[in-house]
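We number each residue from 1, following the sequence as shown.
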Amino acid sequence: MSVKFITQAAVIAAIYVVLVVIFNYISFGPVQFRIAEALTILPYFTPAAIPGLFVGCIIANILGGAIVWDVVFGSIATLIGAIGTYLLRKHKWLAPVPPIVANTIIVPFVLKFAYGSEGMFAMFFVTVGAGEIIVCGIIGMILLYALTPVRHVIFGDAE
């Protein structure tokens with residue numbers, strides 16, 4: 001791993017944590033709108049985003065007071081999403097799909113079984129999925145298009 005890779009990963013992790021801390025009030029719970037998840041589009045530009053997002057999610061979940069199962073499985077959902085985005089980087093419009101799917105499937109189980117959240121299990125799939133579609137599918141794609149013209153300035157030759 002190069003210094004550039006480690007630096008990019010660290011900066012992405014830091015930005016993820018800051019976004020979760022700033023928007024803490026909507027980043028946790030059965031109805032969540034985690035703005036930081038828009039960053040899961042970044043593996044489209046650089047593989048350094050994969051560990052950056054994973055570590056950022058771990059730190060953000062710990063700082064947010066999440067229980068251990070949420071720290072583990074919530075972070076794994078972000079990791080799976082980031083890897084999927086990287087694997088689909090040749091298909092721009094599919095880039096936000098992996099984090100949407102990973103979080104929509106994994107997070108409701110965390111909410112129901114780790115936290116014992118009240119409510120219908122299906123409702124958690126809908127609320128988490130809707131939040132992910134808005135954050136990753138809309139905000140993430142806006143971010144992707146905003147960064148595309150300056151990708152080489154920000155990320156250099158990532159591959």
Audit row: Glu132, Val101, side chain to side chain contact (heavy atoms under 4.5 Å, CB included) steps and yes/no: CA-CA 8 Å; Glu132 287 292 314; Val101 171; over 6 Å; no
Other cluster members, Ile100 - Ile/Leu/Val/Met/Phe/Trp/Tyr, side-chain contacts below 4.5 Å: Ile133
Derivation of the side chain to side chain contact (heavy atoms under 4.5 Å, CB included) call for Phe45 and Arg89: CA-CA 8 Å; Phe45 298 107; Arg89 69 191 178 281; over 6 Å; no
So if you build clusters from Ile, Leu, Val, Met, Phe, Trp, Tyr with side-chain heavy-atom gaps below 4.5 Å, do [X] and [Y] land together?
X: Leu111; Y: Phe113; value: yes
X: Ile26; Y: Val18; value: yes
X: Leu144; Y: Ile154; value: yes
X: Val21; Y: Ile59; value: yes
X: Leu39; Y: Ile138; value: no

Over all atoms of both residues, closest heavy-atom pair of [X] and [Y]:
X: Ala60; Y: Val17; answer: N-CG2, 4.0 Å
X: Tyr16; Y: Cys57; answer: CE2-CA, 3.5 Å
X: Pro51; Y: Ala9; answer: CG-CB, 4.1 Å
X: Gly64; Y: Asn24; answer: CA-ND2, 4.0 Å
X: Thr85; Y: Ala95; answer: OG1-O, 2.8 Å
X: Pro30; Y: Val128; answer: O-CG2, 4.0 Å

Trace of the side chain to side chain contact (heavy atoms under 4.5 Å, CB included) decision for Phe109 with Phe124: CA-CA 8 Å; Phe109 284 98; Phe124 297 144; over 6 Å; no
Val135, Leu143, Leu147, Ile139 screened by side chain to side chain contact (heavy atoms under 4.5 Å, CB included) with Ile41, the one that passes: Leu143
NZ or CZ of Arg34 within 45° of Phe23 ring axis and under 6.0 Å: no
Axial cation check for Phe155 ring with Arg151, 6.0 Å and 45° limits: no
Side-chain heavy-atom pair Pro96, Met141 within 4.5 angstrom cut-off: yes
Note, Ile50 side chain near Leu79 side chain (heavy atom, < 4.5 Å): yes
Ring centroid separation Trp93 to Tyr44 under 6.0 Å: no
Any residue meeting side-chain hydrogen bond (donor to acceptor under 3.5 Å, both in side chains) with Thr78, in chain and number order, not counting sequence neighbours: Glu37
Thr46 and Gln8: side chain donor to acceptor below 3.5 Å: yes
Stepwise side chain to side chain contact (heavy atoms under 4.5 Å, CB included) test for Phe73 and Val107: CA-CA 8 Å; Phe73 291 106; Val107 173; over 6 Å; no
